[in-house]
Amino acid sequence: MTADDISNPDELNALRLSSAEFAAEPRTFVRHLAERMSIEISDTTLNRLVERVKRGATREQIIHSLRNTKGERYPIDRASAALNFARVNVPASALVVENVLSFAPNDKKAFVLHAYAQVLSRRPGNVELARLTHQLESGTTTRLDLLSNLNAKAIEEGHFINWDSALGPQSSNDDNEKIRGIVEVTGFRSVSHNAPEIFSLCRYAGERWEMAPSMISRPDEIRPDSWIVSDGFILTGPKCHVASGYWMLDLDIVQPEWATIIVDVVANLSIDRLFHLTVCGNLRGSFVFEKLNTHAFLEVRLQVQNALPEQWINIQNVQLRKMD
């Protein structure tokens, strides 16, 4: 890789990196880069970033990782922003603790592989895989402990993840205490002793969409100002546990006056319907529904019906708020 391969040619000038420094062997490159960015990194972090380069990470990705450690904004491609939720102006991955932990409940090896892929975007080494699988099978470590350790590794590599903040009603107090150690405060789920619980499932911010973890979108095309859609579900999720009681669904959706959108809130894999609405044209309002203890894996669904060619939609906001 040469300096000409970087997608933003001004990056080198901003960092005051020469072409020779940019193309230097991995350890020298990372050291020079950290110095130019005025970042002090430990030997452990240095070694991990060097290993990432050796495993095939681009040098621009290493710059991205170091920018994350400083909390600086990094340019996001608008075409892919709708598929990856991030805090406002802070790009990062987003994961639901509950969804990761519940993967392959009877297969420890599959869980380890999945956890590595989700948190570190790589496979574990053969020794790591065997050792961690054995620890889970023998009960010497828990899935949550493993997830916490992987999150610590990700932070060392300069990659910060937006975790949600709950495992569900079956969680023990000890588990909830451990979660606080790996959860980042995010715009996805906000919990406070002084305010009701809030989920921001999808929102439009500055010509890009931000979506909560585990939300699934199926637009035909993503544009800076709208999604091009056809018949079918365009947004579903997050399929996670929430507290029982009354909830308010806030919706702000812009679409042609003749376009039809169906909004459902379901639970138990859509067996139970908690709320249903069919509307033509723009939609802005707040709607109340009740969630019972028997309603598991809450899911908000937006479905397009009777679409015409090149039909568009702009989802300004989809939010759930727990009522007192």
Side-chain angles (χ1 to χ4, degrees), residues 48 51-52 55-57 83-85 92-157 159-184 186 188-189 199 201 211-218 233 235-243 266-272 293-301:
R48 292 191 183 280
E51 284 301 312
R52 286 185 60 194
R55 290 198 305 267
L83 304 178
N84 296 282
F85 180 86
S93 299
L95 293 171
V96 176
V97 176
E98 175 187 2
N99 291 352
V100 178
L101 293 180
S102 62
F103 182 82
N106 300 316
D107 192 333
K108 306 297 191 294
K109 180 179 179 180
F111 169 74
V112 174
L113 291 170
H114 179 69
Y116 263 77
Q118 292 292 300
V119 180
L120 296 176
S121 300
R122 63 176 173 87
R123 283 179 57 90
N126 291 335
V127 175
E128 285 178 311
L129 178 59
R131 175 172 55 83
L132 294 173
T133 300
H134 172 69
Q135 289 178 353
L136 290 174
E137 291 175 342
S138 64
T140 57
T141 192
T142 67
R143 290 189 171 205
L144 183 56
D145 289 334
L146 173 59
L147 206 58
S148 181
N149 291 336
L150 294 183
N151 185 66
K153 288 184 179 181
I155 292 174
E156 288 178 357
E157 295 178 3
H159 177 59
F160 290 86
I161 297 171
N162 290 327
W163 295 93
D164 85 315
S165 55
L167 277 173
Q170 76 281 7
S171 307
S172 68
N173 289 333
D174 288 342
D175 281 346
N176 287 330
E177 285 296 327
K178 292 177 182 177
I179 292 169
R180 291 192 182 98
I182 65 173
V183 169
E184 293 287 326
T186 76
F188 161 56
R189 176 182 279 194
F199 286 79
L201 302 178
M211 293 181 62
S214 298
M215 298 295 288
I216 299 173
S217 65
R218 192 197 57 78
F233 292 109
L235 188 148
T236 67
K239 292 186 180 178
C240 64
H241 288 289
V242 302
V266 299
N268 297 324
L269 302 179
S270 76
I271 294 176
D272 296 314
N293 287 328
T294 55
H295 295 147
F297 300 107
L298 194 73
E299 182 178 8
V300 178
R301 295 180 169 184

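We're numbering straight along the sequence, starting at 1.
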(message) Under the criterion side-chain contact (heavy atoms from CB on, under 4.5 Å), I'd like the reasoning laid out for L147 against V119: C-alpha separation, chi angles, the key distance, then a yes or no.
(response) CA-CA 8 Å; L147 206 58; V119 180; 3.9 Å; yes
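Every pair passing salt bridge (charged side-chain N to carboxylate O under 4.0 Å, His left out) that includes a residue from residues 127-141 is listed here, sequence neighbours excluded: R122-E128, E128-K153.
In terms of modelled atom types and a separation under 3.5 Å, the side chain of D272 and the main chain of V266 share no donor-acceptor contact. With T133 contributing its side chain and L129 its backbone, the two residues share a donor-acceptor pair below 3.5 Å.
H114 pairs by the ring-ring contact (aromatic ring centres under 6.0 Å, His included) definition with F103, not counting sequence neighbours. Not counting sequence neighbours, the partners of T140 by the side-chain contact (heavy atoms from CB on, under 4.5 Å) test are Q135, S138. Take F297 and apply the ring-ring contact (aromatic ring centres under 6.0 Å, His included) test, not counting sequence neighbours, and it matches H241. Scored by the side-chain hydrogen bond (donor to acceptor under 3.5 Å, both in side chains) test, N106 finds no partners at all (sequence neighbours excluded). Shown here are the salt bridge (Lys or Arg N to Asp or Glu O under 4.0 Å) partners of R143, two or more places apart in sequence or in another chain: there are none. For D107, the side-chain contact (heavy atoms from CB on, under 4.5 Å) test picks out A104, K109, A110, with sequence neighbours left out.
Residues T236 and V300 fail the side-chain proximity criterion, which asks for heavy atoms closer than 4.5 Å.
Taking each heavy atom of V100 and F111 in turn, the nearest pair found is O-CE1, 3.3 Å. The two residues T142 and L136 have their closest heavy-atom pair at C-CD2, 3.7 Å. Of all the heavy atoms in L113 and P124, the pair that sits closest is CD2-CD, 3.8 Å.
Residue L235 holds its CG atom at 9.5 Å from CD of E299, rounded to the nearest 0.5 Å. Atom NZ of residue K108 and atom CG of residue L132 lie 13.5 Å apart, to the nearest 0.5 angstrom. Atom CG of N151 and atom CG of L146 lie 11.0 Å apart (nearest 0.5 Å).
Relative to the ring axis of Y116, R123 does not place its NZ or CZ within 45° and under 6.0 Å from the centre.
Using modelled atom types, one finds no donor on one side chain facing an acceptor on the other under 3.5 Å when comparing S148 with D145.
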